[in-house]
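Data block below; observations after.
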Amino acid sequence: MELSDANLQTLTEYLKKTLDPDPAIRRPAEKFLESVEGSQNYPLLLLTLLEKSQENVIKVCASVTFKNYIKRNWRIVEDEPNKICEADRIAIKANIVPLMLSSPEQIQKQLSDAISIIGREDFPQKWPDLLTEMVNRFQSGDFHVINGVLRTAHSLFKRYRHEFKSNELWTEIKLVLDAFALPLTNLFKATIELCSTHANDASALKVLFSSLILIAKLFYSLNFQDLPEFFEDNMETWMTNFHTLLTLDNKLLQTDDEEEAGLLELLKSQICDNAALYAQKYDEEFQPYLPRFVTAIWNLLVTTGQEVKYDLLVSNAIQFLASVCERPHYKHLFEDQNTLTSICEKVIVPNMEFRAADEEAFEDNSEEYIRRDLEGSDIDTRRRAACDLVRGLCKFFEGPVTGIFSGYVNSMLQEYAKNPSVNWKHKDAAIYLVTSLASKAQTQKHGITQANELVNLTEFFVNHIQPDLKSASVNEFPVLKADGIKYIMIFRNQVPKEQLLVSIPLLINHLQAESIVVHTYAAHALERLFTMRGTNNTTLITAAEMAPFVEVLLTNLFKALTLPGSSENEYIMKAIMRSFSLLQESIIPYIPSVITQLTQKLLAVSKNPSKPHFNHYMFESICLSIRITCKANPDAVGSFEEALFMVFTEILQNDVQEFIPYVFQVMSLLLEMHKNEIPRSYMALFPHLLQPVLWERTGNIPPLVRLLQAYLERGANTIASAAADKIPGLLGVFQKLIASKANDHQGFYLLNSIIEHMPPESVDQYRKQIFILLFQRLQNSKTTKFIKSFLVFINLYCIKYGALALQEIFDSIQPKMFGMVLEKIIIPEIQKVSGQVEKKICAVGITKILTECPPMMDTEYTKLWTPLLQALIGLFELPEDDTIPDEEHFIDIEDTPGYQTAFSQLAFAGKKEHDPVGQMVNNPRIHLAQSLHKLSTACPGRVPSMLSTSLNAEALQYLQGYLQAASVTLL
Amino acid sequence: MPVMNKEGERMRKFKNKGKNVDVLRRQRVEVTVQLRKAKKDEQILKRRSISISVRDQSVSPGEDKTHEVIPLSLERIAEAVNGSNTNLQLQATQATRKILSRQKDPPINQIIELGIIPRLVEFLTRADNAALQFEAAWALTNIASGTSDHTKAVVEAEAIPAFISLLTSPHMHISEQSVWALGNIAGDGPLYRDALINCGVIPPLLALVSPVTPVGFLRNITWTLSNLCRNKNPYPPLNAMKKMLPVFICLIEHEDKEIISDSCWAISYLTDGSNDRIQIVVDTGILPRLVELMGRPELIIMTPALRAVGNIVTGTDEQTQAAIDAGVLAVLPRILQHTKPSIQKEAAWALSNIAAGPSQQIQQLITCGLLPPLVELLDKGDFKAQKEAVWAVANFTTGGTEEQVVELVRSGVLKPLLNLLLAKDSKIILIILDTISNLFLTAEKLGETERLCLLVEELDGLEKIEALQTHDNNMVYRAALNIIEKYFSGEENTDLQPGTGQDGLYDFSVEKQDFNF
């Protein structure tokens with residue numbers, strides 16, 4: 001493409017078309033631009049347009065297009081063609097900086113991004129003059145230009161904050177420091193001076209403060225990896241000025257906006273970060289400055305208001321103090337009683353107050369409120385920072401701090417008592433203070449696990465928490481209600497059981513509260529209480545203790561799901577699941593109503609599944625209903641099928657992907673409940689389950705395999721007789737699974753079930769193919785996981801069909817195959833088999849090979865007899881070999897299915913452990929001894945002679961132990 | 001300054017637990033790039049001889065004996081030096097020496113530009129005029145004390161052989177001044193160091209060491225010898241090292257602190273290399289003395305002794321064991337708590353390398369009570385020392401037995417370790433995450449996964465790991481994600497089960513395994 005007016009014109013038109021809302025016009029234009037972007041001069045045409053076009057919209061469009069072009073094409077990927085010709089690259093680098101600096105802000109931002117993309121690839125080696133070019137602009141005195149440079153520098157250097165140290169990186173940083181540190185320092189000083197000369201000029205100040213923010217950010221990036229010599233030498237300049245800026249205030253810079261942080265806040269916040277960086281990493285050098293910063297930051301906190309716009313600054317500042325006060329050599333800065341009192345009074349208490357913004361969130365954005373308050377995603381909030389400071393101070397000053405706060409708590413409670421409806425926020429703060437003071441360690445699962453012994457939690461609970469929850473109206477003071485419920489929840493391990501029992505009806509009652517936060521907390525608290533452990537691995541709260549409340553609990557839980565805003569409330573659904581699991585058979589009378597409500601819910605949410613946790617607990621609850629009911633009355637399975645199958649069919653037909661894995665699991669559970677032959681309704685579905693489309697989704701594989709296994713367990717004969725034509729399809733699924741390194745174990749589960757349950761004659765014709773397939777996989781891409789499953793399978797086969805059959809089928813595939821597998825796979829790898837049942841299967845299978853396989857005694861395979869026995873004794877006695885070859889280390893990681901899939905496994909649809917050997921062999925060691933004995937009676941003298949020639953002494957000793965235990969001797 | 005550029009290799013080793021553990025040892029490798037100020041506690045490379053006192057008439061070099069010299073202009077100096085008048089030569093040379101010996105900003109460049117260096121070197125050979133020899137030697141010493149270019153100007157004027165011959169000068173002060181000059185040349189770098197060695201500097205230098213050598217002179221000799229051991233790329237030749245080593249073994253027993261210090265520095269240079277070099281030093285049996293010196297209160301002794309021992313434990317398991325047998329583990333706890341951060345760091349580095357050894361050595365580390373100071377350092381130490389402590393813990397969890405790792409956790413390592421996840425250093429964060437994974441592997445073997453999960457959460461580690469899932473560094477974020485996915489998701493499975501096991505209905509163990517992708 002020529003750099004001609006005609007081309008500029010063409011390009012302008014196409015660019016304009018890319019903005020057209022009509023895809024019929026837009027798409028072809030986009031396609032055209034893509035098709036010409038490989039041509040020489042294309043980027044230069046764009047640069048010309050963004051500079052010179054008459055229309056502003058074209059300028060902006062060209063700049064965006066240019067940036068995206070750079071993003072896609074600039075990087076030179078090894079073994080791929082260079083997508084931008086060298087001349088264009090040179091021209092772009094020569095022009096882009098001045099162009100960026102002279103452009104209006106909107107375009108400047110795009111070009112600045114483009115520069116940092118180019119810089120990431122070319123800087124410093126292939127763009128040596130970039131730095132000088134940028135630094136020269138510092139002298140321009142034009143802060144529009146200077147800010148452009150600073151912004152670009154920031155985007156170039158910010159990666160120093162997270163990259164690993166390397167010679168390459170440090171060479172670059174050194175180069176940057178050499179060229180940039182001094183001019184930056186001079187600019188910093190000059191800018192600060194300008195700030196005081198322009199102290200009365202609001203618009204100038206804004207520009208200057210934007211520069212200072214960027215300078216402070218650059219300081220952070222340049223000082224991140226290590227303390228550069230230059231900055232150590234100039235620490236006085238930087239820190240003194242940072243300190244001054246922290247204490248600076250100027251009415252002209254204050255903003256009216258309550259939400260958005262202003263320039264002053266952003267700058268101070270960044271300075272707190274810079275000070276924290278130095279305090280953490282360069283303490284030795286920074287020590288002389290630190291006390292000054294502590295004082296300044298503390299004063300800053302005392303004078304900063306409650307508005308949301310200060311939140312980041314305040315939480316950064318408090319976190320700085322929190323990190324410093326834990327250091328032993330700064331302890332003295334805090335230990336004075338007056339200092340402590342003042343920190344508590346002026347920094348901690350005010351930041352724990354419930355603010356208007358919190359109240360708004362509580363009412364209108366309860367999901368967000370709950371997430372912050374309950375799940376700890378409150379890392380950047382003021383309350384959280386204040387809480388961390390309390391914990392930090394308690395490290396050295398637990399006694400005094402507790403004392404100071406007790407006074408505050410009492411006075412706040414008194415304030416509340418005077419006039420609850422006006423002063424309820426005082427009580428909220430008091431509860432929060434007690435909570436943060438008392439909690440030393442906390443987990444989601446157990447609540448507080450270590451508490452401050454100086455706080456009497458039970459007393460506070462009885463005197464100040466319970467009364468609120470006992471009040472007649474569940475809707476009065478909802479924030480305090482939520483506080484009270486949360487208190488029970490987190491201190492459940494500290495409060496005595498009898499108090500918890502008193503609380504349970506109160507919590508059940510609050511499930512009816514209108515406030516989403518309150519009824520959600522009530523559900524969550526109940527759920528947590530129900531999971532507490534008592535003695536002997538039972539639940540702390542027993543089903544018997546809950547007996548009086550079963551009906552009201554279930555009623556209120558399901559009613560809560562109808563409250564506005566809670567129709568898919570995961571906390572409530574989880575509480576339902578947990579209640580079922582705790583109450584067990586006492587829920588049976590309510591099942592008809594419960595299952596109706598659950599199926600209705602299921603039908604409703606399946607239209608648009610959006611809350612994965614809610615859905616999961618809903619299916620868990622369904623499984624529990626089935627298990628509990630059918631355990632008492634197996635015939636009830638039919639009524640569940642009746643209630644559920646209609647919805648299930650709809651889900652399958654509409655292909656509701658999120659739910660399908662669940663449906664398979666519930667169906668497996670139902671099918672396994674049947675004692676007799678498989679019902680016809682299931683058989684109708686069987687062919688559909690073999691549909692490849694289902695198996696393409698990784699999330700379906702585990703539950704589908706499980707379901708097919710249930711089919712084989714219950715209906716192998718029916719399949720053999722009525723669906724014999726589907727057997728190849730079934731084996732096709734097996735083949736599909738075995739081909740994948742991630743899913744091969746699932747393939748083996750299926751294969752094991754086929755071998756175990758299908759009538760032998762129905763699979764006769766496929767057996768050889770099965771083995772060939774397995775051998776191919778073994779040959780081409782064996783992994784430890786595959787070998788383990790393979791070993792279990794061939795031994796299961798041996799148990800089912802006999803050792804001779806195993807040898808014959810192997811050798812029919814290829815002469816001497818059996819010996820090869822013994823020698824190369826079974827003997828060396830058997831130690832890797834894990835799992836009790838799996839080991840037992842292998843032990844019994846190998847015993848059969850040793851004692852029931854004539855070729856092992858009288859062919860060339862005989863030489864493998866003792867090594868095999870030795871390996872078997874090893875399997876019994878040696879620790880499992882869990883080494884995994886290096887190259888396999890990442891298989892699991894790469895092939896791990898996504899969160900959704902792993903998540904969809906239902907705990908309460910769990911499968912019983914299945915032992916195909918079962919009662920046939922109780923003790924495999926004794927079984928080996930007995931089998932050897934039998935063998936030795938058949939050919940007297942041979943067994944002892946084989947043992948004595950090559951079995952090692954230790955193994956022999958073990959073997960003698962087995963023989964003794966079995967009371968047999970070898971002849 | 002020690003650095004860890006074997007990290008890449010180390011990280012790989014974390015994944016291959018138990019194999020080839022000795023690679024975990026991290027040598028002190030010179031970085032080519034340095035952002036920090038040069039370390040203040042390094043030994044001095046070059047020294048200038050400054051005229052301090054007017055009254056002191058002692059004969060030792062570096063102090064002005066004849067201060068009654070008329071100041072001359074540079075032009076006059078050049079003229080006189082190049083002239084043939086011996087008196088004027090002496091006067092001018094002395095004036096040069098005086099200018100170069102002044103306290104501040106000696107005009108070395110200007111003197112070089114005068115072009116008189118070849119002449120000054122020539123004066124060194126004037127055995128007939130000891131005063132001239134001495135003044136020239138002094139002046140050249142001070143020129144060589146400057147930058148590399150300055151030293152180069154002296155060497156290129158063929159000063160090396162001249163100074164070496166002067167080592168055997170009958171005048172002790174001349175011989176001593178030459179030792180000093182040679183020290184400055186040797187300190188310039190490996191090139192001149194080896195040039196000196198090739199010119200045979202070592203035998204006459206060693207010959208100067210005798211029981212009657214005055215302490216001041218001996219200090220100079222020790223310092224120059226230590227410079228001959230210094231620098232890498234390449235290392236000093238092995239045979240030179242072997243010649244000097246026995247002398248250091250004697251010098252290190254001297255009572256003078258500076259002599260001890262410089263001998264230790266020399267040993268620290270000799271051990272800062274491959275294992276066969278370390279072996280040569282270990283074979284001399286010097287380790288017990290080094291360990292003793294490492295415990296001395298004087299910084300100038302403790303610093304180089306600690307470095308030397310620190311270098312030795314980067315060696316093979318046997319070499320490390322020799323250091324352990326010499327008692328290093330008894331001294332380390334105190335040094336780990338030293339007030340000076342650089343000492344803490346050096347000690348922690350040594351500890352990290354001992355922790356990289358086989359489990360028997362780790363056991364000795366436990367037995368000698370190193371865990372409490374390690375945890376203390378991890379909690380409260382200076383950041384540089386904390387980083388080394390993290391390495392120590394990481395190595396410990398890689399090579400330690402299950403019981404040892406349990407002991408480590410019992411000693412309270414987890415809290416400070418998890419706190420350091422807030423460190424502003426991606427590499428350290430990654431190593432901590434790997435260490436946490438190691439701990440979980442052990443916990444899994446012991447069936448204690450759930451307890452470890454709880455502990456990590458209680459200590460606010462979980463939220464820190466969760467937060468790291470948004471870290472800008474890819475490897476960090478993936479490591480965090482792996483831990484979360486592996487150990488902290490799916491709370492339901494480990495939660496309370498009703499009617500456990502009574503009818504087998506709720507036995508989930510096999511199910512869990514089935515879904516182990």
Side-chain angles (χ1 to χ4, degrees), chain A residues 159 161-165 167 170-171 173-174 177 224-229 232 277 280-284 327-328 376 379 441-446 449-450 531 533 537 539 581-582 584 620 627 631 702 706 742 749 835 837 886 889 892-893 895-897 899 902-903 905 907 910-914, chain B residues 3-5 7 15-16 18 31-38 341-342 380 382-384 422-427 430 453-454 457-460 462-463 467 471-473 475-476 482 485 489-493 495-500 503-517:
Chain A
R159 71 187 182 98
R161 301 173 177 196
H162 64 257
E163 296 227 338
F164 293 143
K165 168 180 176 177
N167 269 346
W170 282 34
T171 310
I173 296 177
K174 206 168 165 58
L177 286 167
F224 194 92
Q225 293 271 333
D226 202 348
L227 175 59
E229 180 166 5
E232 186 175 344
L277 176 76
Q280 187 189 71
K281 297 187 83 167
Y282 318 125
D283 190 37
E284 198 181 1
R327 305 275 195 96
I379 302 217
Q442 183 169 12
T443 74
Q444 283 284 317
K445 200 162 154 187
H446 299 292
T449 52
Q450 273 181 57
T531 57
R533 273 178 211 271
N537 213 19
T539 49
S581 135
L582 175 72
Q584 291 291 318
E620 293 279 20
R627 296 203 131 182
K631 191 172 141 194
R706 159 92 192 278
Y749 294 155
V837 173
D886 292 353
H889 191 81
D892 281 354
I893 298 165
D895 295 347
T896 300
Y899 175 67
F903 180 72
Q905 185 194 347
K911 190 168 159 31
K912 268 196 288 183
E913 187 170 17
H914 174 65
Chain B
V3 286
M4 305 147 240
N5 67 352
E7 284 163 8
K15 315 264 182 208
N16 297 303
V31 248
T32 41
V33 199
Q34 200 53 261
L35 302 179
R36 280 251 181 191
K37 249 185 186 342
S342 59
K380 304 198 180 102
D382 181 78
F383 185 65
K384 294 184 287 289
L422 296 177
K424 296 172 186 3
D425 185 317
S426 308
K427 188 95 224 174
L430 185 64
C453 285
L454 278 184
E457 191 181 349
E458 276 186 3
L459 298 171
D460 296 331
L462 177 56
E463 64 176 30
H471 197 274
D472 283 325
N473 188 301
M475 286 175 76
V476 168
N482 274 337
E485 282 196 338
S489 57
E491 178 209 354
E492 287 313 311
N493 295 334
D495 239 336
L496 187 72
Q497 313 290 346
T500 354
D503 53 359
L505 269 183
Y506 290 94
D507 188 352
F508 305 116
S509 59
V510 123
E511 189 70 3
K512 193 176 168 205
Q513 195 179 31
D514 288 357
F515 282 77
N516 178 16
F517 304 117

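Predicted model, so just to flag it, every value in this text is computed and none were measured.
Remark: Lys384(B) is not positioned above the aromatic ring of Tyr282(A), lacking an NZ or CZ atom under 6.0 angstrom from the ring centre and at most 45 degrees off the axis.
Across Leu459(B), Asp382(B), Leu422(B), Asp460(B), the residue that shares the most heavy-atom pairs under 4.5 angstrom with chain A is Asp460(B). Most heavy-atom pairs under 4.5 Å with chain B, from the set Ile173(A), Leu227(A), Leu177(A), Leu277(A): that is Leu227(A). The most heavy-atom pairs under 4.5 Å with chain A, out of Ser426(B), Cys453(B), Pro341(B), Ala423(B), come from Ser426(B).
For Asp472(B), the parts lying near chain A are the backbone and the side chain together; criterion is any non-hydrogen pair under 4.5 Å.
A search for side-chain hydrogen bond (donor to acceptor under 3.5 Å, both in side chains) contacts involving Arg159(A) returns Glu163(A), Glu172(A), not counting sequence neighbours. By the side-chain hydrogen bond (donor to acceptor under 3.5 Å, both in side chains) test, Gln280(A) pairs with no residue at all, sequence neighbours left out.
For the pair His162(A) and Asn473(B), the tightest heavy-atom approach, listed with the atom from each and the gap, is O-ND2, 2.7 Å.
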